[in-house]
Amino acid sequence: MSSLRLILLDIEGTTLPISFVQKVLFPYAERTLPTLLREQADSPAVRVALGDIEREFPGRDPLAQLQDWMAHDVKAAPLKTLQGLAWRSGFESGELRADLYPDVSPALKAWHDSGLRLAVYSSGSADAQRLLYGYSSNGDLTPLFEAFYDLDIGGKKVAESYTEIASRAGLAPQEILFLSDVGAELDAAQEAGCATCQLIRPEDGTKPAPGFRHAADLPEVATQFGLPISS
């Protein structure tokens with residue numbers, strides 16, 4: 001019987017194809033940001049983000065700076081805020097739906113129904129995480145999760161971040177299984193004492209990292225770790 005009590009999941013390359021972020025979410029934000037800046041100029045969140053850009057780049061056209069950040073994949077706080085607003089509009093209007101891997105929803109529901117606790121840890125903001133799971137192709141999955149952790153808790157390649165997550169969950173790190181496609185993140189979680197498994201999704205072209213268990217999907221994770229398997 002497994003001693004695991006919480007499954008901590010990455011998103012991109014683990015439960016959601018990387019291509020969805022690169023080919024759907026990012027282009028959508030880039031396309032809709034000009035309209036968002038114009039129509040939501042009085043929104044407090046927009047005003048704060050634009051103010052941050054003005055302080056860092058006085059006199060620069062904010063849209064040009066945002067486009068420059070997007071072109072170079074810079075994870076700047078103002079950009080993340082505004083992208084999140086754009087994505088929220090898209091999800092709420094029905095223009096966007098998160099196409100999770102087909103094995104994800106059944107596995108998460110089976111784990112949750114068995115009493116396992118679930119949480120997310122992603123470099124995307126907690127708000128963006130809730131949008132992806134709240135407006136998924138399988139409906140609203142957010143009630144399955146007890147927490148959504150982002151980089152506010154610390155970097156994903158730093159062991160202390162996983163120690164902090166364990167502390168907040170009231171668990172020993174050994175009671176947590178972290179699932180990710182990135183070897184450096186798994187290294188950090190393993191250093192903290194967590195169980196780990198690398199997802200090798202063929203669609204994403206993930207390369208196996210040495211020193212970890214590997215699985216092609218969540219049912220294979222369940223088999224390896226003695227977790228419930230969806231029917």
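Keep in mind that the numbers below use all heavy atoms, side chains included, and drop hydrogens, waters and symmetry copies.
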task: Examine distances only and state if a side-chain atom of Glu164 and a backbone atom of Gly154 form a donor-acceptor pair shorter than 3.5 Å.
output: no

message: Please report the interatomic distance CG(Leu118) to CD(Glu146), rounded to the nearest 0.5 Å.
response: 8.0 Å

Thr142 and Asp140 side chains, donor-acceptor separation under 3.5 Å: yes

field: N-O pairing of Lys157 and Glu185 below 4.0 Å
entry: no

message: Can you classify the ring geometry of Phe91 versus Phe20 as parallel (below 30°), tilted (30 to 60°) or perpendicular (above 60°)?
response: tilted

message: For Arg47, is the CZ atom crowded, meaning more than 12 foreign heavy atoms sit under 6.0 Å from it?
response: no

message: Hydrogens and angles aside, do Tyr101 and Asp204 bring a side-chain donor and acceptor to less than 3.5 Å of each other?
response: yes

- request: Please answer whether the main-chain N or O of Pro228 pairs with a side-chain N or O of Trp111 as donor and acceptor at a distance below 3.5 Å.
  value: yes

- prompt: Which pair of non-hydrogen atoms, one from Ala45 and one from Thr81, has the smallest distance, and what is that distance?
  reply: O-CG2, 4.2 Å

- request: Any chance you could measure Ser180, atom OG, to Leu186, atom CG, to the nearest 0.5 Å?
  value: 5.0 Å

message: Taking Arg201 first and then Asp217, would you say they form a salt bridge - that is, a charged N and a carboxylate O separated by under 4.0 Å?
response: no

field: Side-chain (Gln198) to main-chain (Ala209) donor-acceptor, under 3.5 angstrom
entry: yes

message: What's the separation between atom CG in Leu16 and atom OH in Tyr133, rounded to the nearest 0.5 Å?
response: 7.5 Å

Backbone of Ala169 reached by a side-chain donor or acceptor of Arg117 within 3.5 Å: yes

- request: State yes or no: are the ring centers of Tyr162 and Tyr121 separated by less than 6.0 Å?
  value: yes

task: Mind checking the OG1-CD1 spacing from Thr196 to Ile176? Nearest 0.5 Å is all I need.
output: 12.5 Å

- prompt: Can you find a heavy atom in the side chain of Arg213 that is under 4.5 Å from one in the side chain of Phe225?
  reply: yes

Atom pair CG/OG1 of Leu132 and Thr15 - distance to nearest 0.5 Å: 8.0 Å

message: Let me check something: do Ile11 and Leu6 share a hydrophobic cluster, defined by ILVMFWY side-chain heavy atoms less than 4.5 Å apart, either directly or through other members?
response: no

field: Atom of Val46, atom of Ala41 and distance for their closest heavy-atom approach
entry: CG1-CA, 4.3 Å

field: Ser167 side chain to Thr163 backbone, donor-acceptor under 3.5 Å
entry: no

Note, Leu50 side chain near Leu37 side chain (heavy atom, < 4.5 Å): yes

query: Under 3.5 Å, side chain of Gln129 to main-chain N/O of Tyr149, donor-acceptor pair present?
result: yes

query: Can you name the nearest heavy-atom pair linking Phe178 to Asp10, along with the distance?
result: CE1-N, 4.1 Å

- prompt: Between Leu179 and Leu8, is any pair of side-chain heavy atoms under 4.5 Å apart?
  reply: no

- request: Give, for atom CG of Asp61 and atom CD of Glu54, the distance between the pair rounded to the nearest 0.5 Å.
  value: 10.5 Å

task: Check whether more than 12 heavy atoms from other residues, nucleotides or ligands sit under 6.0 Å from atom CD of Glu175, and answer yes or no.
output: yes

- request: Decide yes or no for Phe212 and Ile200: does some side-chain heavy atom of the first lie under 4.5 Å from some side-chain heavy atom of the second?
  value: no

- prompt: Do Leu63 and Pro34 touch side chain to side chain, with heavy atoms closer than 4.5 Å?
  reply: yes

query: Any donor and acceptor pair, going by atom type alone, linking the side chain of His112 with main-chain N or O of Leu108 inside 3.5 Å?
result: no

